[in-house]
Amino acid sequence: MKKQPDILKDNLWKLMLKLSLPGILGMMVISINSLVDAIYVSYFIGAEAFAGISLLFPLTLVITSVTVFIAAGSSSVLSRAIGANDIEKQQKVIPNMIALSLISSMILMVVGVLFTRQLVVFMGATGAMLDYGVSYFEISILGVFFTIHGLSANGLIRSEGKIRQAMTFTIMSVVINITLTPLFIHTFSMGIAGAALSSIISMLIYAIATSLYFVKKKASFATGKFSIKIEKDIIKDVISVGTSAFVMQLSNVIKQFFLFRTLAWYGTAHDIAFFSAAFRLFSFLAIPVLGLLQPLQPIIGINYGASNISRCIEAIKTFRIGGVLFILVFMIPVLIFPEFCIQLMLPDMVLSTQEIFNLRIILTVLFLLPIASSSIIFFQSVGKGKLASIVPISRQIVLFLPLIWVFPKMFGINGIYYTLVIENIIYALVLWILSSIELKKLLSSTSKRVAFQK
């Protein structure tokens with residue numbers, strides 16, 4: 001039988017390589033999935049359809065916000081319970097996670113179905129872009145429960161350190177989506193509705209697969225009964241940590257809303273399509289890095305539960321360095337051939353010198369991602385939910401909103417790209433300082449407790 005990694009004792013670089021590889025592969029598959037979906041829509045339907053579904057991104061972020069609220073909160077509770085060997089708490093996590101998934105998805109579905117057209121209009125869509133956006137959203141919102149439950153359950157699998165198993169379910173879902181999308185769009189002549197339907201089916205299978213994993217007792221922790229419950233002690237802990245993740249994602253909703261509204265105000269359909277393609281390319285490069293950082297959450301959570309703070313500090317340093325090196329490898333070819341990468345999604349688009357420059361400067365922001373993301377993961381993993389909530393909110397209010405208001409007035413459409421670069425630099429710097437302060441506090445309090453016990 002293959003030896004499982006020891007999160008409390010194994011070398012951190014070896015742990016990162018061993019646990020991150022499945023996460024990286026899984027997240028890269030997700031990136032490819034998103035990219036291929038965009039290519040399918042652009043090639044089979046057209047640039048306006050591509051722009052129409054891209055304008056929906058802030059709305060899909062609302063669903064993502066709810067998902068990470070449940071997933072991050074539940075994962076943090078579970079990893080700490082595993083580290084502390086708290087069997088009773090481990091058994092309560094899944095029933096409460098299912099209950100939260102059901103409640104939240106019902107609310108989102110009702111609102112989405114009743115106000116589909118109003119929501120898409122609110123995002124700034126007009127004409128053909130509006131029709132494409134409505135057609136896609138009114139179908140995709142029906143599968144919201146499969147998305148929330150599937151991703152939340154998969155987060156629990158990652159929290160127990162089984163990144164490879166989590167990756168397997170992810171790859172399965174993505175392969176199904178990539179296979180079905182061109183069939184539904186082109187072969188069956190379903191158009192944009194086919195793209196939405198293929199996503200629902202793939203997430204349905206994903207949710208079933210992750211559920212069966214727990215039902216069949218394949219988890220390494222005490223899962224308890226696969227039921228639906230709401231228990232105050234668990235929900236309170238999930239909300240405490242999950243709120244930070246929710247607020248961070250919700251602040252991104254606000255950001256994306258202002259970004260796309262500003263694009264619609266200052267730019268043309270060409271500008272919206274280019275920004276959407278640039279954003280998808282950014283995500284394509286960022287998501288594998290987030291895959292590399294996935295094991296950091298259980299490593300910090302379990303070691304924190306075992307009162308091993310010094311190892312938490314070393315883990316953060318290791319993953320930050322690994323993340324920067326990883327980005328460097330992926331970034332070089334994209335920075336050299338940016339126009340080729342954009343034309344994969346928009347084959348007829350010719351880029352100006354300024355657009356190539358704008359693309360390159362926002363992609364270089366990726367080097368700051370390991371610092372910012374590892375800090376938020378640390379706050380969530382040790383139960384510092386309030387701190388992880390305040391920083392993202394402050395980022396949008398103090399940094400982003402003033403910059404997105406002023407810079408486009410000064411520099412036109414280019415001001416949007418300058419805004420993103422400056423606010424990301426300041427945000428990463430602030431998180432680096434705050435995480436350093438909190439780590440020193442935890443290390444100091446642990447040292448005093450050990451000294452007192454002696």
Practice problem: Could you tell me which residues satisfy ring-ring contact (aromatic ring centres under 6.0 Å, His included) with Phe282, sequence neighbours excluded, listed by chain and number? | Solution: none
Quiz item: What residue pairs, at least two apart or across chains, pass side chain to side chain donor-acceptor pair (under 3.5 Å) with a residue in residues 143-154?
Solution: His149-Ser211, Asn154-Arg158, Asn154-Tyr206
Self-check item: Listed once per pair and sorted, the side chain to side chain donor-acceptor pair (under 3.5 Å) pairs that draw on residues 106-133, sequence neighbours left out
Solution: none
Exercise. Mind jotting down which residue pairs meet the salt bridge (charged side-chain N to carboxylate O under 4.0 Å, His left out) criterion with at least one end in residues 282-304? Sequence neighbours excluded, please.
Key: none
Quiz prompt | Listed partners of Ser202 passing side chain to side chain contact (heavy atoms under 4.5 Å, CB included), at least two apart | solution = Ser173, Ile176, Asn177
Quiz item: Quick one: salt bridge (charged side-chain N to carboxylate O under 4.0 Å, His left out) partners of Glu231, sequence neighbours excluded?
Solution: none
Self-check item: Listed partners of Ser135 passing side chain to side chain contact (heavy atoms under 4.5 Å, CB included), at least two apart
Solution: Ile192
Practice problem: Evaluate the ring planes of His186 and Phe44, with Trp represented by its six-membered ring, and classify them as parallel (under 30°), tilted (30 to 60°) or perpendicular (over 60°). | Solution: parallel
Quiz prompt | Sequence neighbours excluded, every pair satisfying salt bridge (charged side-chain N to carboxylate O under 4.0 Å, His left out) that has a member inside residues 371-381 | solution = none
Exercise. Tell me, please, which residues at least two apart from Glu423 pass salt bridge (charged side-chain N to carboxylate O under 4.0 Å, His left out).
Key: Lys255, Arg395
Quiz item: Residues in side chain to side chain contact (heavy atoms under 4.5 Å, CB included) with Val430, at least two apart?
Solution: Ile426, Leu434
Practice problem: Report the residues that fulfil side chain to side chain contact (heavy atoms under 4.5 Å, CB included) with Phe188, sequence neighbours left out, ordered by chain and then residue number. | Solution: Leu183, Phe184, Met190
Self-check item: ring pair (Phe, Tyr, Trp, His ring centres under 6.0 Å) contacts in which one or both residues fall within residues 109-130, not counting sequence neighbours
Solution: Phe122-Phe257
